[in-house]
Structures are given as C-alpha cells and as structure tokens.
Amino acid sequence: MSLKIKVLTRFCHDVVESKGLSLFLEVETTPDSAAEPSGLAQIMRVVFRLFLAMMALGLPLMPALAASSNGQAVEPAIRFLPDRKLWVLETARTSYVVGLNEENALQHVYWGERLSSDQGLQAAHTAREVTSFDSTETMSNNEYPAWGGTYYNEPSLKVTLANGVRDLVLTYDSHEIRGDDLLIRLKDIRYGLFVNLDYKVFPAEDMIRKQAQVENRTTQIVTIESAQSGVWYVPPGQGYRLSYLNGRWGGETQLTRQPIFPGKFVIESRRGNTSHQLNPWFAIDAGGEADEHQGRVWFGALGWSGNWKLVVEDTPPAHQVRVTGGYNDFDFSWPLAPGETFTTPPYYGGFSASGFGEASRLMHRLERDQIMPGHPHPALRPVLYNSWEATTFNVNEAGQKALADKAARVGVELFVMDDGWFGQRNDDRAGLGDWYVNPKKFPNGLKPLISYVNGLHMHFGLWFEPEMVNPNSDLYRKHPDWVLNFPDRPRSEARHQLVLNMARDDVKEYIFGALDKVLSENNIEYIKWDMNRHLSEPGWPEAPVAEQKEVWVKYVRNVYEIIDRLRAKHPNLTIEACSGGGGRIDLGILERVDEVHVSDDTEAFDRLRIQEGFSFPYAPRLGMDWVNDVPSTNGRSTSLKFRFLVAMNGVLGITANLNKWSQDDFALAKQMVDYYKGVRETIQNGDLYRLSSPRESDLTANEYVAADGKQAVLFALLPSQQFERPAPTIYLRGLDENAQYRVKALDNKRRERAEVMSGSFLMHHGLNFELTGDFDSTSVVLERVL
Ligand code: DGJ
C-alpha cells in the first residue's frame, strides 16, 4: 500500500471573511489500500493528527470538492488554466472565459453556451495592428480597459493623478479564487493604482456579477473621472439587436428593440435616481434570431439607484459589440485619497440559449435566490389595500377605518395609508419633511387606527417621502441649507418640493431618526418609500469644492444606508420602493426592498405593456399592481374582473374607493382575492412564460409554473376582439409532457372541457377560450395529478 497526503491552501468565501485562509486536505491512496485494514487505519491516524493540528491552528477543513444536494461531487465554478493563463467561470449552462494576453492585460475570450471541456481554448492574443490608426489596444477586447495608451473605445476607468498624469494602463498583478468568487487584481504599469475585479458566479442562475474596486496605493490623491463596473462582450459578429426599456412617468418599462449600428448608443440616468425614462437593463440577440422561446440572448443589468450609464458600442473597424456599464461619468468626480478604495455598482450578466423568456426566468431566479431581502426564500407578499386613489390627501381616522373594514371583507392582508397623514399636508404644497402625525386628522395619533386594522387581522403600512421637503414646512424653515443647492442660484421646485441633500450625514441622521421614531412608536410593518421628483441644482456648498460632485453617489449610498439600518432595527419591516410609480426600479434598490410600485398608471389596459416590459428583467413578485376605479386613464373603463386578472400578474393590490363598490363588486372581489391566494405561490415563486405579448397580439397570455411543477396558472386577457374572430389558441409551456393535470377554470370560457389533460395536450394541442368583445379575460389553474 502507498499513501500520499497533500496539504494545499485554498481560499473559501465564507472563511476568508473571518480568517482569510483555510487548509485543504486531500488524501490519495493506491487501490490496494482498501484491502489492507492496517493501511487504512494508518491513513485515518494521519488524517486525525492533521485534523487536530489544523484545529489547534484555528484553520477550518474544507472538502475537496463541493458536494451537491444529491451527494455527487460538483465541479468548482471557477478554474484557472495556468498553461494558457485563462480563467474559466462556469454556471450550469454557460461558460465565461477571460485570460491574459501577450501584454499581460486581461482580455475577454468567450461568453456563451457551456463548453464541455477546456480543449480548444487558446490563450488570449492581442489583436494584430493593421494600421497606425487602429491600435491593438482598441482592437483587443480588454476586460477592464482604462483610458490610457492608445485605447480609444469607451473606457472602464479614467483618472487624473496629482502630478497631472492622465494615462493609465492596467496589467495583471495577482488573483484569488474563493469558491464561486474570483478576484483579479490589476495594477497600473507605473503607479500604485490597483483595480480589484470581483467576479461572482451564480451557477444555478446562469449568471455572473462583476464589480470593480479602485484602490489608491500611491501617496497622492487620484481623481476618478469615470468608474465603470465592467464590460460585457458578445461574440464577434454583425447584425446584433438591442432590447431595452424606456418610458416616462405613467408609462414606464416599454420594451423597445432596435439594431445595433456602428457607434455608441447610450442609455443612462442623470436624474439622481434610476428614472422612469430608461432602465439599467439590456438584452442582445443575434440579428433578431431570438424570440421568447428560442435563440441566443446575452443580457445584463446594473444594481444602482443613482446616475448610471450603459454604453452599447459597436466601434469600427472591429465591430465588436460590447456593453460598458457603471456610474454615469456625467458631472462625476471622486478624489481618492491614498489608502482609500472606491467600489462600483454590481453589474450582472447572463446568457440564455432559449430566448428572452429563459433570459427573464434567469433574472427572476437570481432576484429571488440571491438579491432580494429574505433570499433565497423570500416570504410571499400579502394582498394589499392602499387608500391613495380613494382618498388622495384626505385621510383621517374615521375614513381609513371605514376603508379598512371593507378591505378586510374581501381578504386584504396589508392595509396601507398613503400620503396626507403628517405635518400640515392637505395637498402637495406643504408638509414634506415634517414627519409628525397631523393632530387634526389623527387627534389620538396613529395607534387607534393601527389597532383597528390589526383587529381586522391586517398588517398596517404607512407612506413616507423621506428625501423631500416642501418649502412650506417646519423643516425647511429651520434648515434651508439642507437642500441641494448652489449658492445664489435658483432652487427649482417640482411638485412644490425641493430635494434634501441626502449626502450630508446630518440630513441622513435626521431622516433615519424621524422614520425610526414613527416606526418605534407604532406597529408599522410596511413602509412605502416614495420619491416624487428628480434631483436638480445638485450643489453641496458645505463640502470642499473638489468633493462636491461626490453628492450623486453619496446621496444614494446614504439612502441605502437608512433603509438598511431601518430594516436591521425593525426586523418585521417590509418596504415598497416607489418614485412616482416606477422611477426607482433596479437591482440595487431591490437588494433592500421587498417590492416596487410599477407605475402610477394603474389603468388595466395600459398596464399590460408596462407589466410585460417590467417582467423582462424583474420578477413579477417584485411589482405591486393595483386594482383601481373606472373610468380611469384615457377615460377607459374595464370590468372589475379584467382589472383583477391584470393585477394578479404580480403582487395583487387594490386602491379603488371601496365606499363606492356594490355588493356584487364585493362578492367578485372576494372571489378574486381567494383565487389569487390559491395561486400566488406559483406566481410569486414560479417560472413565468410570456405566451402572447400585448405588443404583438390582441391577446396577452401569461403562464406561471410552480417551482415543484405541481401547479401552473394561466391568465388570458383580450382587450379587444374583432367580430366573430376567435381568440388565438394558447399553447402552454414548461409542463411535463407525460404528466396529467386537473384543469380548474375560473369561469366557463374554456372550450376544451375535459377535467384532466396531459402535459402534451396542453402544450401541443393547446387551449381555446370564448373571449369576446372588449376587455374579456379568463384564467385556469392546472394541478398536476400524476
Ligand atoms: C406617487 C405615488 O406613486 C402614488 O402611489 C402616491 O403614493 C402619491 N405619490 C402620493 O403623493
């Protein structure tokens, strides 16, 4: 028998946080060892001694390979191939490869379907210089290009050193692999300026997160003028198509598709928050080859709720399509003192070989499993009532109690009082900033209302707009210097309000204290955090001039900090982010809030497109959808049932004035809320299949399949039908061909009447419904029986 013991060092993510190092023990024996009991005992003794030695050193033991849930050894997600100087990052179905080229620069090599082996992968090579006008730096796909040398494309980093040098060339310094994390450290060829590129692989979600940290190890201040999180490259080729989301207040997340032409196409926000106008998400497919269900799609999203920028670039002559993303460099400047670091927002990327539908499902899975509060098992969202559209600012104890009674009757679980409860807030001209309970409207404070709501078995939630102040408020009269402003310049109002300078620590502490007080004094389990205008005149006169532009980033970081601290102090608190509807929807805010208000346009027909666009990057469970009153936007009226079935494609909420509802409305609403509760786990935690799009068809059809495959639910919504023209057949997806499903219909619109149908029938024969006239709708639930 022979025995070989190797003791290796290995970084482990969990361990590295506390100790930085763990020992990795591997014992190899020759086959005959098993037949020799004394040999085996010898091995065990050696292992035991090593174990004791490591315990004595305080070093934890790590298994050789991570074990999957079925006990099978799984490949590590990240490999370094020293012979070719390549790093291979692997998810369940994708590979992402970067490597060092001849210049020792980090270069992108491959992103797409998972490669079955490393065979064929070659070391990264700098591109050949064809002319003096197209440098090798510009023609090579630098993974994190700094502005310097002869690089002319969009840079990931641009700095000015204290001595005036504005040239930065980054080459490889070192790397560490820690479980699913890879850190590649780059360094300038001359100065002590480092960039730590942090990659996190999410194997089950087929996604990767990039983030960069700039580290100043020089002895002088380095001024950062552009700091991007990184670049996503798609394979070389032409004819690519971009999908992205644009919109406006009351019309957010409209999906738009266009060819990627030579040059740059920029989507961004310069408004201080994410914005209604553009959203930090992109998807690229090869020349329109992909659709919902098939085709190659590369996609990505930024997690930042301030000024952001995505540059989709196809710069000649290479025509290499890439998307650079990170902080917006507009009005950006960050002086970095010696010893300091500066970190960019997370930039997520993923690849789907099965179209846009799968790309969305991967994003949704990532949000549920890895990003949102409570991940990987976030609690189901309750059915909500919000009084805003019923009362606007006219809230008082009696009126809210009357609405609460009625909301409880239909099965609402969370009752939210919106704007108007505080300060001298009777309309939008006064009160913001004064977070005390209005004594006229609530002479006994909020407690009697909250106890009443709790007595009806509902949680209570409250609206705030923490970042804002009306000039007509006690707060502004006391602290006019607390708003963003440039000395002797106008302070532009929007909705009669100014923006508090949240970058200031005294303002941050005031806002934290004000919200904490209301939350500590009352049983409030939910806040709706609103923001009803964008930043303007972003001056910070009290800060040194060189640091004043930091306001954009510090503002958002402090907002995040307040939310994080409130959650830590009030563990039962859940939060909805709102910015006049969907002005603050991104993966940064979604790390810390449970849901977002999708839009102030709550009209059901308009919502079909808004919600569809939202669902490309964001899981339906993250979007709050309200059933409103009719006639609504555009004077349009739809049935209560249609409004409910639209709002069920997310988190169901109601804002209609319940005082105006008939007995029939209450009966229908109760039936609808019960129906939703029976399928919400599937909607909130399941897989979404967009079967028919409101952009392409009269019919909108969405199907949700439960994670365990035991339930599926289908919504079919037909805003308009031409005379005698049957609604299109709906072919379900994501079912088990061989399984049997019991079909439970919400109503009698189903044409195929069998009670039990096979997965293959549902997916290949499909279902047909009697949908007629305007705004007809239906839904069916499929319960797997075999
Ligand atoms: C804008 C929000 O989107 C609405 O739902 C409501 O909360 C109002 N603000 C209140 O002012």
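For clarity, every value in this text was computed on a predicted model and none was experimentally measured.
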Minimal non-hydrogen separation, Ile589 against Ile585, with atom names: CG2-CA, 4.5 Å

Salt-bridge criterion met for Lys200 and Asp181 (N-O under 4.0 Å): yes

Any residue meeting side chain to side chain donor-acceptor pair (under 3.5 Å) with Lys187, in chain and number order, not counting sequence neighbours: none

Side chains of Ile78 and Val201 in contact at under 4.5 Å (non-hydrogen atoms): yes

NZ/NE/NH1/NH2 to OD/OE distance under 4.0 Å, Lys554 and Glu561: no

Side chain to side chain donor-acceptor pair (under 3.5 Å) involving Tyr689 - partner list, sequence neighbours excluded: none

Set of salt bridge (charged side-chain N to carboxylate O under 4.0 Å, His left out) partners for Asp625, sequence neighbours left out: Arg607

Residue pairs passing the salt bridge (charged side-chain N to carboxylate O under 4.0 Å, His left out) test where at least one lies in residues 340-351, sequence neighbours excluded: none

Residues Glu113, Arg296: salt bridge by 4.0 Å N-O rule: yes

Distance-only side-chain donor-acceptor flag, Asp594 / Thr574, under 3.5 Å: no

Asn558 (side chain) donor-acceptor with Met502 (main chain) under 3.5 angstrom: yes

SB check Arg690 Glu612 (cutoff 4.0 Å): no

His364: ring-ring contact (aromatic ring centres under 6.0 Å, His included) partners, not counting sequence neighbours: none

Spacing of Tyr618 atom OH and Thr253 atom OG1 [to the nearest 0.5 Å]: 9.0 Å

Glu537: salt bridge (charged side-chain N to carboxylate O under 4.0 Å, His left out) partners, not counting sequence neighbours: none

Flag, side chain of His319 to backbone of Pro316, donor-acceptor distance under 3.5 Å: no

Distance-only donor-acceptor check, side chains Ser275 and Ser269, under 3.5 Å: no

Min side-chain heavy-atom separation Thr223-Leu336 under 4.5 Å: no

Contact list for residues 263-273, test salt bridge (charged side-chain N to carboxylate O under 4.0 Å, His left out), sequence neighbours left out: Glu154-Lys264, Glu268-Arg270

Residue pair Leu186 / Asp173, side-chain heavy-atom distance below 4.5 Å: no

Asp505/Lys508 ion pair, N-O < 4.0 Å: yes

Side-chain touch Arg584/His597, heavy atoms, less than 4.5 angstrom: no

Geometric cation-pi criterion, Lys210 with Trp232: 6.0 Å, 45°: yes

Row check, Trp334 ring normal vs Arg557 NZ/CZ: under 6.0 Å, within 45°: yes

NZ/NE/NH1/NH2 to OD/OE distance under 4.0 Å, Glu358 and Arg93: yes

Residue pair Asp586 / Thr274, side-chain donor-acceptor N/O under 3.5 Å: yes

Residue list, ring-ring contact (aromatic ring centres under 6.0 Å, His included) with Trp87, at least two apart or on another chain: Phe80, Tyr172, His175

Residues which pass side chain to side chain contact (heavy atoms under 4.5 Å, CB included) with Pro346, listed by chain and number, not counting sequence neighbours: Arg209, Gln211, Tyr348, Glu591

Those residues that, when tested against Tyr233, pass ring-ring contact (aromatic ring centres under 6.0 Å, His included) (two or more places apart): His108

Pairing of Arg217 and Glu215 as salt bridge, 4.0 angstrom limit: yes

Residue pairs involving residues 252-263 (criterion salt bridge (charged side-chain N to carboxylate O under 4.0 Å, His left out); sequence neighbours excluded): none

With sequence neighbours excluded, residues passing ring-ring contact (aromatic ring centres under 6.0 Å, His included) with Trp304: Tyr327, Tyr560

Nearest-0.5 Å distance, CD of residue Gln320 to OG1 of residue Thr138: 13.0 Å

Lys/Arg-Asp/Glu bridge criterion (N-O < 4.0 Å) met for Glu595, Arg621: no

